[in-house]
Amino acid sequence: MSNPYEDSKVLGEYLLFHYGRDEDLMPWDFGPGNGLGFPKRTVEELLDPADLPEAASALDLGCAVGGATFHLRRYFSRVIGIDYSNVFIEAANRLKNERRLDYSFLQEGDLFSSATALIPPIPDDGIEFETGDACNLPEDLGRFDCVHAANLICRLQDPRALLERLPELVIRGGQLLIATPFTWLREFTDRENWLGSGDSEEKLVNCLSRNFKLEKKVEMPFLIREHRRKFQFSVSLGTRWRRL
């Protein structure tokens, strides 16, 4: 199955999604502003920082270009970001090493505008980015105080493979943060591997509740710009789970 996330235009869309100015991502003042800042919000709205241990670690699965990964570093001493796209991981590593990355995003037709992605003021160390398959993670990856997976579940060839692996990745008492719009598409996931069709939330709860307790549920709108007059506005189900 080809990977659509290796495309340079998509890279620009995701850099804008993760790091762009609000007025670039949504240039219309009547647009849905509640969909802005999604990567950061998946951390701020779902994470419970109250009882994190010292030197806590986090894993960001499907990290894309790293917006949430860098934000997790505010709370965790060590954060690993993993994504299937080589292009995304290359961009995230350049941001880690250089703290900035110039990119372009589409205005209309073949007209592009330039922008610069900047990472927030966080410590230089403690962040790693790796290319990897969330359905086939390394056996020696380790265990984490928090696993974060935003808009990933419905982009996997076999989402149950990841869901079955999650109990091994989260330490007891640790947190699992999942956001997903349940946008099942055959180009990413064969029909027989969908969690459900109209009942995906119920199926997700059934898969996780044997090893995790659901602590929080919130609707999380997000906005991806394709060009200045075309946008993807979606709503993810955001959940926080506690490892039993």
Side-chain angles (χ1 to χ4, degrees), residues 34-35 38-52 56-64 68-69 71-72 75-76 80-84 132-137 141-224 232-244:
N34 60 344
F38 180 76
K40 177 180 177 180
R41 286 192 287 115
T42 61
V43 177
E44 290 299 319
E45 296 185 24
L46 296 177
L47 179 68
D48 177 10
D51 60 350
L52 291 177
S57 62
L59 173 65
D60 187 11
L61 293 173
C63 67
T69 317
H71 201 73
L72 284 164
Y75 300 96
F76 297 90
I80 298 176
I82 295 178
D83 198 272
Y84 194 61
D133 182 354
C135 298
N136 187 26
L137 294 167
L141 187 56
R143 297 167 69 85
F144 300 84
D145 298 283
C146 176
V147 171
H148 173 273
N151 293 359
L152 173 67
I153 296 296
C154 56
R155 288 295 178 267
L156 298 177
Q157 294 184 35
D158 186 2
R160 285 182 179 82
L162 172 60
L163 295 176
E164 291 171 1
R165 180 72 191 279
L166 286 172
E168 301 175 23
L169 297 175
V170 185
I171 66 170
R172 294 192 182 276
Q175 301 177 52
L176 170 63
L177 314 180
I178 292 181
T180 176
F182 297 120
T183 306
W184 302 112
L185 297 172
R186 287 180 173 84
E187 64 191 271
F188 295 103
T189 313
D190 290 339
R191 176 64 180 82
E192 59 268 25
N193 290 334
W194 294 1
L195 287 188
S197 182
D199 59 349
S200 296
E201 179 181 349
E202 178 184 347
K203 294 292 180 61
L204 179 66
V205 171
N206 289 341
C207 287
L208 293 176
S209 59
R210 289 168 291 180
N211 297 285
F212 295 89
K213 177 183 178 181
L214 179 61
E215 289 189 336
K216 185 174 184 179
K217 182 170 74 170
V218 60
E219 303 296 344
M220 305 190 70
F222 65 95
L223 185 78
I224 295 177
Q232 300 175 34
F233 181 77
S234 308
V235 181
S236 274
L237 173 68
T239 53
R240 181 178 73 232
W241 303 78
R242 187 74 59 169
R243 179 70 167 93
L244 299 174

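Just so we're clear, the structure is a prediction, and the values are computed from it rather than from any experiment. Because only heavy atoms are used, hydrogens play no part in the values below, and waters and symmetry mates are left out as well, while side chains stay in.
Using a 4.0 Å cut-off between a side-chain N of Lys or Arg and a carboxylate O of Asp or Glu, R160 and E164 do not qualify as a salt bridge. Ion pair E168/R165 flagged as a salt bridge, since at least one NZ, NE, NH1 or NH2 atom sits closer than 4.0 Å to an Asp/Glu carboxylate oxygen.
Scanning all heavy atoms of the two residues, the minimum distance from G62 to D83 falls at C-OD2, 3.3 Å. Here the shortest heavy-atom pairing between E219 and L237 reads OE2-CD1, 3.9 Å. Closest heavy-atom contact between C146 and F76: CB-CZ, 3.5 Å. Nearest heavy-atom pair across R155 and L185 is NH2-CD1, 3.7 Å. Between D48 and R242, the shortest heavy-atom distance links the atoms OD2-NH2, 3.3 Å. Closest approach of S197 and D199 over heavy atoms only: N-OD1, 3.1 Å.
A distance-only check finds no donor-acceptor pair linking the side chain of D60 to the backbone of G81 [under 3.5 Å].
Counted within 6.0 Å of CZ on R191, heavy atoms from surrounding residues, nucleotides or ligands total more than 12; the atom is thus considered enclosed. With a 6.0 Å radius and a threshold of 12 heavy atoms from other residues, nucleotides or ligands, K40 has its NZ atom at or below the threshold.
Shown here are the side chain to side chain donor-acceptor pair (under 3.5 Å) partners of S236, two or more places apart in sequence or in another chain: N151.
Side-chain atoms of N211 and L166, non-hydrogen and from C-beta on, never get closer than 4.5 Å to each other.
Relative orientation of the W241 and F212 rings is perpendicular, given thresholds of 30° and 60° on the angle between their planes.
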(request) Output, in order, the C-alpha distance, side-chain angles, deciding distance and verdict of side chain to side chain contact (heavy atoms under 4.5 Å, CB included) for L46 and T239. (result) CA-CA 7 Å; L46 296 177; T239 53; 5.8 Å; no
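Put simply, CD on E192 and CG on D158 are 10.0 Å apart, with the number rounded to the nearest 0.5 Å.
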